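In what follows, every heavy atom counts, from backbone to side chain, and hydrogens, waters and symmetry copies are set aside. Just so we're clear, the structure is a prediction, and the values are computed from it rather than from any experiment.
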2 protein chains.
Amino acid sequence: MSDLLERLRERGWRMTSQRRVVAEVLDGDHVHLTADEVHARAAQRLPEISRATVYNALGELVSLGEVKEVSTDGRAKRYDPNAHRPHQHLVCSACGTVRDVHPTGNPLADLPPDQRFGFTISEAEVTYRGLCPSCV
Amino acid sequence: MSDLLERLRERGWRMTSQRRVVAEVLDGDHVHLTADEVHARAAQRLPEISRATVYNALGELVSLGEVKEVSTDGRAKRYDPNAHRPHQHLVCSACGTVRDVHPTGNPLADLPPDQRFGFTISEAEVTYRGLCPSCV
DNA sequence: ATCCTACGATGGACAGAGTCCAAGTCAAGA
DNA sequence: TCTTGACTTGGACTCTGTCCATCGTAGGAT
């Protein structure tokens, strides 16, 4: 079944029903749920799961590198399980929908040394904003 | 004196002591303050200025296009008065410092049509993350 | 210079997102 | 099956931001 569950088990993540449900909710492509959305979906299967547990599990998945946090709008963070293939995000300014996209080129290469100001740069995050087909 | 103040006056922005102080605090280069930081600095000069007023003024400056909102970390938004020259941001993952940078190339051009999924894209925001010289 | 009034400021209540903690529960190894 | 350290719970708390009724004032009118 789920690759994510497999990997977590292999890495010795203590499996509880709560963690399983959170991981299952996040599994898949083009998933960009907020913590509250994850909680709501998890609660459909496990009604008494608490918000704190969801936050804990999400935080651990992020630490493990299995999920990426995405702040698209300065409001709730979204959690993106597609952490293993580098990609960027396309965000609808109206409805907030998020899509994974794969631009050509490497944005890191576009930052010349004299623009790095002594920073040790580790990543470049690109967010494309516009209106999605349903919102035009 | 301040270009920003000049422009605001010309555009008929009703000038109050509070608004003046907020605009003065924001004036300058490489300024990326949070609303609370703006409030703290404004309060040094005008002790009774309220948080609501700062938020109102910031919101209006953003609507007027004189200031850009930047969410670098999913926490407090930062306000960037350098709204007239397009630029991107370099953020220290440790201390949160933000620098304006000017990458070469146009990130919008790096998103091929088949990666636009019917969106009408209006901008591309690039955030470079890494460690600043003081945090390495 | 003074008056008017619509627009702006105030602060306190409220809301949304997230963190923390003490106490209870349970996964998984012995 | 037992044990125990790790996990979960829910409520209190923090931080960021918004809302609103009331009060104050900038700046045009006189």
Partner set under side chain to side chain donor-acceptor pair (under 3.5 Å) for A:R85, not counting sequence neighbours: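 If we apply the side chain to side chain donor-acceptor pair (under 3.5 Å) test to A:R85, skipping adjacent residues, there are no hits.
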For A:D73, check side chain to side chain donor-acceptor pair (under 3.5 Å) against everything at least two apart and list the hits. none
Expressed as a whole number of angstroms, how long is the span from B:R11:CZ to D:dG27:C1'? 20 Å
Can you give me the bend angle of the helix from C:dA1-D:dT30 to C:dA30-D:dT1? Use the axis through the first five pairs and the one through the last five, nearest 10 degrees.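 Result, rounded to 10 degrees: 30°.
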Output the distance between atom [atom1] ([X]) and atom [atom2] ([Y]), rounded to the nearest 0.5 Å.
| X | Y | atom1 | atom2 | answer |
| --- | --- | --- | --- | --- |
| B:L8 | B:E60 | CG | CD | 10.0 Å |
| A:D100 | A:N82 | CG | CG | 5.0 Å |
| B:R41 | B:D36 | CZ | CG | 12.5 Å |

Looking only at side-chain N and O atoms, does B:Y55 come under 4.0 Å of OP1 or OP2 in D:dG17? yes
Using modelled atom types only, decide if a donor and an acceptor are shared between the side chain of B:S93 and the backbone of B:G130 within a distance under 3.5 Å.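 Present.
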Please enumerate all protein N or O atoms sitting under 3.5 Å from an N or O of nucleotides 10-13 of chain D, with distances to 0.1 Å.
none

Between the protein and nucleotides 5-7 of chain D, which nitrogen or oxygen pairs come in under 3.5 angstrom?
| from | atom 1 | to | atom 2 | distance (Å) |
| --- | --- | --- | --- | --- |
| D:dG5 | N2 | A:R14 | NH2 | 2.6 |
| D:dA6 | O4' | A:R14 | NH1 | 2.8 |
| D:dC7 | OP1 | A:R19 | NH1 | 3.2 |
| D:dC7 | OP1 | A:R19 | NH2 | 3.1 |

Non-hydrogen side-chain atoms of A:V25 and A:L33 separated by less than 4.5 Å: yes
Only pairs at least two apart or in different chains count here, so list each ring-ring contact (aromatic ring centres under 6.0 Å, His included) that has a residue in residues 59-100 of chain B.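 Residue pairs passing ring-ring contact (aromatic ring centres under 6.0 Å, His included), neighbours aside: B:H32-B:H89, B:H87-B:H89.
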Table please: side-chain donor-acceptor pairs of residues 44-51 of chain A below 3.5 Å, with sequence neighbours left out.
| from | atom 1 | to | atom 2 | distance (Å) |
| --- | --- | --- | --- | --- |
| A:R45 | NH1 | A:E24 | OE1 | 2.4 |
| A:S50 | OG | A:T53 | N | 3.2 |
| A:S50 | OG | A:T53 | OG1 | 3.0 |

Here the pair of heavy atoms bringing B:F119 nearest to A:C132 is CZ-CB, 3.4 Å
Using the heavy-atom set of chain B and a strict 4.0 Å cut-off, write down the first and last nucleotide of DNA chain C that makes it in, 5' to 3'.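 So the contact region on DNA chain C extends C:dA6 to C:dG11.
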What are the residues of residues 33-47 of chain A, sorted by number, that bring a heavy atom to within less than 4.0 Å of DNA chain D?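 When residues 33-47 of chain A is checked for heavy atoms under 4.0 Å from DNA chain D, there are no hits whatsoever.
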Listing request: all side chain to side chain donor-acceptor pair (under 3.5 Å) pairs with a residue in residues 127-136 of chain B, at least two apart in sequence or in separate chains.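 Applying side chain to side chain donor-acceptor pair (under 3.5 Å) to every pair that reaches into residues 127-136 of chain B, excluding sequence neighbours, yields A:E125-B:R129.
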In one Ile/Leu/Val/Met/Phe/Trp/Tyr side-chain cluster, 4.5 Å: A:L4, A:W13: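 Linked within one cluster.
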Donor-acceptor pairs are to be reported for all side-chain atoms of residues 109-116 of chain A against protein atoms at under 3.5 Å, with residues two or more places apart or in another chain.
| from | atom 1 | to | atom 2 | distance (Å) |
| --- | --- | --- | --- | --- |
| A:Q115 | OE1 | B:H102 | N | 2.6 |
| A:R116 | NE | A:L111 | O | 2.7 |
| A:R116 | NH2 | A:L108 | O | 2.8 |
| A:R116 | NH2 | A:L111 | O | 2.9 |

All ring-ring contact (aromatic ring centres under 6.0 Å, His included) counterparts of B:H39, not counting sequence neighbours: none
Going by an N to O cut-off under 4.0 Å, is there a salt bridge joining B:E66 and B:R7?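 Yes, this pair counts.
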